[in-house]
**Student:** 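Pasting a structure below so you can have a look.
Values reported hereafter were calculated over all heavy atoms of this structure, with side chains retained and with hydrogens, waters and symmetry mates removed. Treat the numbers as computed from the prediction; the structure is a model and nothing was measured.
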Amino acid sequence: MIADLLLTVASAYHLLGALYYRAASAPPKEKVFEFPSLAVHVPAYKEDPQMLRNSVEKIIERLRPEQVIVITDPESYEEVRKALPPEVEVVTGAEKGKARALNEALRLTRTAYIMVFDADSFPEEGFSLVKSPYAASLWKGYSTGTRWGEALANVTTLASVALIYGRSKLGFPVIPPGSGVLIEKELLEKLGGWSEGVLTEDVDLALKALEAGVKADVVPSFVLVEAPKDYASLKRQQSRWAYGAVQAIKRHVRALTKHPETFFYLTHHASTWLPLLALITSPAGLSPLALILYYLAVSTEAFYSFKAAKGWRIRVSLADAARTSAAGLSMSIAILTAQIKALLGLKEVWKVTPKGRKRSVGKGIGSEVVLLLTPLIALWNPASLPLALQYFVASLYVTLRVLSEERRRH
């Protein structure tokens, strides 16, 4: 049965997630040393200058780099230049894309090592580095006060622990996220710099490194990153990441043939829409055993995620988990659409996730409304009712939440 197969693959994604969380159940005890000759690159396309100033000042205070380069756009240059300390080098180029901006900073770099931060990101107090040619920092989410933001901030921290530290403990290749990545300048140049014309240059760089036989290490310290403020921003971010991951897979198939688990990691967004396709195909048949396996896998992942949260002292409540789970299921159609577009090579416009005082523009609700019709599918096969209800409840909650926020905003 097609539905059984789809649901079994979805179960595999959740069981892999459970393995990641189980491996990351406790933080490392050792701290590592700082080293000199560090440049920090901060791409900042039309970013809030005050937020950028806050991030850069904390970077300078906590890392004491030899060189800080902020790459902005011509329209924002004067305001950004005034907002930042005089020792910070400010150049333009961000209007040509993030990868182009980072390559411009690479050209200007005088140090042996480079660390990249997004405009909303900065290292935690007591941050320490590992002396490695290539390494990923852990992410700690922070919020500007919205309920969505608070829930996503906590879950961002927990997910980072699993997907970076947990995977490394299992011996899987680490894919360093762009903010907080540490790389030797010489290695970056050997890899051809940052790939331009791709949506997720950080994933592309990690796969290029794998092809060259270089595996990333893990910096056992946190970089603080701002969580998306609302559902629209989250959907935009996740759709972009899903598209970029598939785009990178297509460009680096050779690297993934040696690391099949990395393929599952890069396509983990599929866990949001595989159960939906199983539901749609369920009138042709759906085994109760496949349903039991699916919900057992989801429960196992949830159990180990809360265990990891306790070990790392990350405050993740059931409400946080419910909100983020509802968001993930609600954007399933948008995620599937993004991955199909990437697979077909259809162009996707690079969009910046709103940060600082900026808010997302436009409504966050579209394909989510379609999911409100999912209970009708259960009329053809009552066994699929649990799947139908999970999408119905998730989309109903998100739709009402977004409409309520927009009413308050206006």
**Student:** Checking side chain to side chain contact (heavy atoms under 4.5 Å, CB included) between Gln339 and each of Thr337, Leu343, Ile335, which is the one that passes?
**Tutor:** Ile335
**Student:** For a quick test of your reading: what N or O donor-acceptor pairs under 3.5 Å do the side chains of residues 296-303 make, sequence neighbours left out?
**Tutor:**
from   : atom 1 : to     : atom 2 : distance (Å)
Ser299 : OG     : Tyr295 : O      : 2.7
Thr300 : OG1    : Leu296 : O      : 2.7
Glu301 : OE1    : His14  : ND1    : 2.6

**Student:** Does the pair Glu104/Arg100 count as a salt bridge with the N-to-O cut at 4.0 Å?
**Tutor:** no
**Student:** Any donor-acceptor pair under 3.5 Å linking the side chain of Ser160 with the backbone of Thr156?
**Tutor:** no
**Student:** Answer yes when Arg110 and Glu66 have at least one side-chain N-carboxylate O distance shorter than 4.0 Å, and no when they do not.
**Tutor:** no
**Student:** Can you tell me if Glu189 has over 12 outside heavy atoms packed within less than 6.0 Å of its CD?
**Tutor:** yes
**Student:** Going by salt bridge (charged side-chain N to carboxylate O under 4.0 Å, His left out), name the pairs with one or both residues in residues 378-396, residues two or more places apart or in two chains.
**Tutor:** none
**Student:** For residues 155-174, which residue pairs qualify under salt bridge (charged side-chain N to carboxylate O under 4.0 Å, His left out), counting only residues two or more places apart or in two chains?
**Tutor:** Arg167-Glu261
**Student:** Are there more than 12 heavy atoms of other residues, nucleotides or ligands under 6.0 Å from atom CZ of Arg315?
**Tutor:** no
**Student:** Measure centre to centre between the rings of Tyr13 and Phe264, then say whether the value is under 6.0 Å.
**Tutor:** yes
**Student:** Between the side chains of Thr109 and His41, is a donor N or O closer than 3.5 angstrom to an acceptor N or O?
**Tutor:** yes
**Student:** Could you check whether Lys82 pairs with Glu78 (Lys NZ or Arg NE/NH1/NH2 to Asp/Glu carboxylate O, under 4.0 Å)?
**Tutor:** no
